[in-house]
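Chain A is the first sequence line, chain B the second, and so forth, proteins listed ahead of strands; every chain is numbered from 1. Below, each value reflects all heavy atoms present in this structure, side chains not excepted, and no hydrogens, waters or symmetry copies.
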Protein chains: 2
Amino acid sequence: MESTGVTIEDVNPHLIEAQYAVRGQICVRAQEIEKDLKEGKKYPFSSLVYCNIGNPQQLHQKPLTFVRQVLALTSYPDLVNLVPEGTFPTDAVERAQQLLNANPGGSGAYSVSKGIPLVCKDVADFISRRDGYPCPASEIFLSNGASQSVQNVMMVFSGHPDDGFLVPIPQYPLYSATTSLYGAKLVGYYLDEENRWGLDLQELEKSIAYAKENHIHLKGLVIINPGNPTGMCLKEADMQDCIRFCIKHKLVLIADEVYQENIYVDTAHFVSFRKAALDMGEEGKCAQIVSFHSISKGFFGECGRRGGYMQAMGFDAAVQAQLVKLWSINICSNVDGQVALDVMVNPPKEGEPSYALYRAERDAILSSLKRRATQLCSALDALPGLSCHPIDGSMYAFFKVLLPKKAVEEAKARKVKPDYFYCEKLLENTGIVTVAGSGFHQKDGTYHVRTTILPPEEQIESVIMRISAFQKWFMDQYSE
Amino acid sequence: MESTGVTIEDVNPHLIEAQYAVRGQICVRAQEIEKDLKEGKKYPFSSLVYCNIGNPQQLHQKPLTFVRQVLALTSYPDLVNLVPEGTFPTDAVERAQQLLNANPGGSGAYSVSKGIPLVCKDVADFISRRDGYPCPASEIFLSNGASQSVQNVMMVFSGHPDDGFLVPIPQYPLYSATTSLYGAKLVGYYLDEENRWGLDLQELEKSIAYAKENHIHLKGLVIINPGNPTGMCLKEADMQDCIRFCIKHKLVLIADEVYQENIYVDTAHFVSFRKAALDMGEEGKCAQIVSFHSISKGFFGECGRRGGYMQAMGFDAAVQAQLVKLWSINICSNVDGQVALDVMVNPPKEGEPSYALYRAERDAILSSLKRRATQLCSALDALPGLSCHPIDGSMYAFFKVLLPKKAVEEAKARKVKPDYFYCEKLLENTGIVTVAGSGFHQKDGTYHVRTTILPPEEQIESVIMRISAFQKWFMDQYSE
């Protein structure tokens, strides 16, 4: 249709500029192929494997029984009276009742904007136990997934066209997209691939110098730990250097800690930035940290429910009031997501009826993720032309692809990025949907691909075999 | 805590400017009083009645059984095998299964960003039936409540500091808050209180002139129909004038139609802006309209689930692609909200097991809302110093308060707005939480209050008596 009214010329230029690779071009191509398959068109595979996004239940991860029981009971409170006794464990019935009581009107009523007070308190208690330092519930803000909190906090601290954020390269595309949307500047700092994607303080200082030269007023430093897409887990001493850096440069430390439960090696150990700061004593007290967590990742995998929280420390009352106001403009996050979050931060305890099953389900998921992470990374690393560090945690393998010159040239001739060209070939030959490294940003002249480690165990061997066969074919095809 | 890092000076000035009265100052005061009551402090009432926000289930509106059954079954798919046959009606079981199949991985998995295709199709079919013109599913975008769609669309069409939106006065504060947040200009147009808050085309043209003089580039016209806070329902001929006006001035018609089911008088009849445009034939074909609807209002009242949709018509492929991208940055709206939305747009049909109950529950809610609307408006209108039009629809009474000079002076001495002063006195004397008209904007020198019509029927008489007693006392106290 030709439009005579509002056109693309009228669309927010910040939106036009924004990119979100995880659900971008390669997804569109995947949807086309899915349609082709339905219509009987032939590909060398019969179905797609979506490794572009951390969406575990789409790839058959079983939800935890207790959270689903509580959700059924809060959604349909009459249910408990309609089923034979013993259909639900007593702790699920009690939890549902507590949550219904905590939000007058139940799960169909708007909650307090920051979140149901009981859920905020349970989140605060979870943080207190995790870190060994008491956390007040006033610091907790619930949101529709962690993404909404990230977007909110970046909105709070931008607003002038010269405001900027330090963002790692590679990064999770939410940060670049959100920076674009709010018209702020993204200043990248490179993670060190040679050093297992470690964080380098000199790189950070270089970025500060770059920002000064370019009159960018930096407001925050984004750190994703465990890393997305890198899988790297930071050590506390390095984190404390970052905290000192933020205090020195008056930056809010924007800590994406949604993979805190996803640690797969004994040599790595998750420490929150909050704990790292409080462990520093007086020196760390003035740190300003926002930290995010989510029900979508970890062993929970409840992505569709869009539950998450932000914990914000070190802000004065005036800033805190602005956070509260922004949350109030959004009315409240969805209550089902709040209910699921409550279960995550306050799971069944030893001695309670649901404890054994909850623990068994959790451990099965985490140990399976660990096996898949190890298997996939070492297989990728062994292939000609690919290299992949073993990952400490998170849900991704971010592997380097040495693209033959001929492939790079063919991509250029087709006017697509060389790593996108690779991902598209991979998709068309194997049905595996991945994301090109350019979506996460990468050092010029290097090419990467992110895949999740989430295909179910009975499929992971076949995924590896498909990638192996493809990679050999690709190298044959494009090497001189 | 005194902060040495980021302070209020670093906060987005657009956020600082934004106001959201529905959950603003009067709510803070209400929460203080609630705390006082818990601590045993005496007030002339024992509990608060929250009439500040359309949150029906908080005020004991019973949820519809069918939607809760479907939600229990999608949340806990094993349930159907654990309960005796007949616990759930077969149509609830089937619907849950269809929805689970439609989102691979079920309700714990992210959906397609625009929304589960089946739900989008069911929304499109609902619109087609309602309007008598087929609606393609590609025009449907699901969101966490209608609010998120509103915020998204206002972001899409702003981005330059001189972009602006025409917004009614009085308006729902989401529009003013969102305009502020995105740094756009709000250009008000007055609704005509003398003419039952009708829409006056001359007022609109005046606002166009004002925008031109002030170099504001208008992008959209917001119309809330049925009106919030006014309760006015527009006639199709007037709507078509607005559509012509938008086409002439190249404005997107931003149609907030979330109260489309809330019509209480036989003289009013809801027509969508989409139907009004399509009824115009060739002339209306180039109209660009976004329309919002929600599971929070109507007879559904599922506010806590945050389900809603936007239908966007008349945009070319380039603009459509930007909408899709923005939705993809937000990953997807919560799936439980999508499930509830599906039930709303595709309810049980005649002949299906759940039809009779669904219909009875729906009719009971709507007829009760109608009785309360009539009772409350006529009671308010009869009180000395108050006037209130009978409302056609929505969930609010927006009544005018003739404030005695002494009250206005006392408010000024206390440095609060006179209508806020009135609402605070009302709260402190009756426990009824309302919102001051200034939060919705109003003509200078006039004062209004918005109350919902939602207190349950067994309470509405007492609410009216409390307001009556208060109003008489207030007039005695403040009249010369």
Side-chain angles (χ1 to χ4, degrees), chain A residues 1 3-8 10-16 20 23 55 57-58 63 68-69 71-72 75-76 79 82-83 87 104-111 113 144 147 155-159 177 219 250 252 286 288 301-306 316 318-319 322 326 328-329 331 334-337, chain B residues 1 3-8 10-16 20 23 55 57-58 63 68-69 71-72 75-76 79 82-83 87 104-111 113 144 147 155-159 177 219 250 252 286 288 301-306 316 318-319 322 326 328-329 331 334-337:
Chain A
M1 177 187 344
S3 180
T4 53
V6 163
T7 68
I8 192 77
D10 298 291
V11 171
N12 190 331
H14 303 314
L15 174 59
I16 292 175
Y20 190 64
R23 293 213 153 184
N55 194 6
Q57 296 189 16
Q58 187 192 36
R68 298 309 192 93
Q69 289 171 330
L71 280 165
S75 296
Y76 187 28
L79 185 59
L82 300 174
V83 296
T87 305
S107 59
Y110 291 128
S111 74
S113 295
N144 292 309
S147 305
M155 161 171 274
V156 170
F157 295 113
S158 50
K219 296 296 198 62
K250 298 200 177 203
V252 177
C286 55
Q288 295 181 313
E302 292 284 354
C303 305
R305 303 233 125 69
R306 312 311 314 273
D316 63 20
V319 174
Q322 295 298 322
L326 179 55
S328 81
I329 293 174
I331 311 183
N334 85 86
V335 172
D336 292 314
Chain B
M1 178 190 339
S3 179
T4 53
V6 162
T7 68
I8 192 78
D10 298 291
V11 170
N12 190 331
H14 302 313
L15 173 60
I16 292 174
Y20 190 66
R23 293 213 151 183
N55 194 5
Q57 296 190 16
Q58 187 191 38
R68 298 310 191 94
Q69 288 170 330
L71 280 165
S75 296
Y76 187 27
L79 185 58
L82 301 174
V83 297
T87 305
S107 60
Y110 292 128
S111 74
S113 296
N144 292 308
S147 304
M155 161 172 274
V156 170
F157 295 113
S158 50
K219 296 295 197 67
K250 298 197 176 206
V252 177
C286 56
Q288 296 181 313
E302 292 283 354
C303 304
R305 302 234 126 69
R306 311 313 313 274
D316 62 20
V319 174
Q322 295 299 322
L326 180 55
S328 80
I329 294 174
I331 311 183
N334 85 86
V335 172
D336 292 314

Need one label for [X]: side chain, backbone, both or neither, based on atoms under 4.5 Å from any heavy atom in chain B.
| X | answer |
| --- | --- |
| A:Ile329 | both |
| A:Asn144 | side chain |
| A:Pro104 | both |

Greatest number of heavy atom pairs closer than 4.5 Å to chain B - which of [options]:
| options | value |
| --- | --- |
| A:Val335, A:Asn12, A:Thr87 | A:Asn12 |
| A:Lys219, A:Glu302, A:Gln69, A:Arg305 | A:Arg305 |
| A:Ser113, A:Gly106, A:Pro63, A:Ala177 | A:Ser113 |
| A:Leu79, A:Val11, A:Asn55, A:Ile8 | A:Asn55 |

Can you tell which of [options] has the highest number of heavy-atom pairs within less than 4.5 Å of chain A?
| options | result |
| --- | --- |
| B:Leu82, B:Ile16, B:Val83 | B:Ile16 |
| B:Gln57, B:Lys250, B:Met155 | B:Gln57 |
| B:Ser75, B:Gly159, B:Ala318 | B:Ser75 |
| B:Val319, B:Val252, B:Leu71 | B:Val319 |

message: Heavy-atom cut-off 4.5 Å, strictly under: side chain, backbone, both or neither for B:Ser147 against chain A?
response: side chain
field: Steps toward side-chain contact (heavy atoms from CB on, under 4.5 Å) verdict (B:Tyr110, A:Gln58)
entry: CA-CA 8 Å; B:Tyr110 292 128; A:Gln58 187 192 36; over 6 Å; no
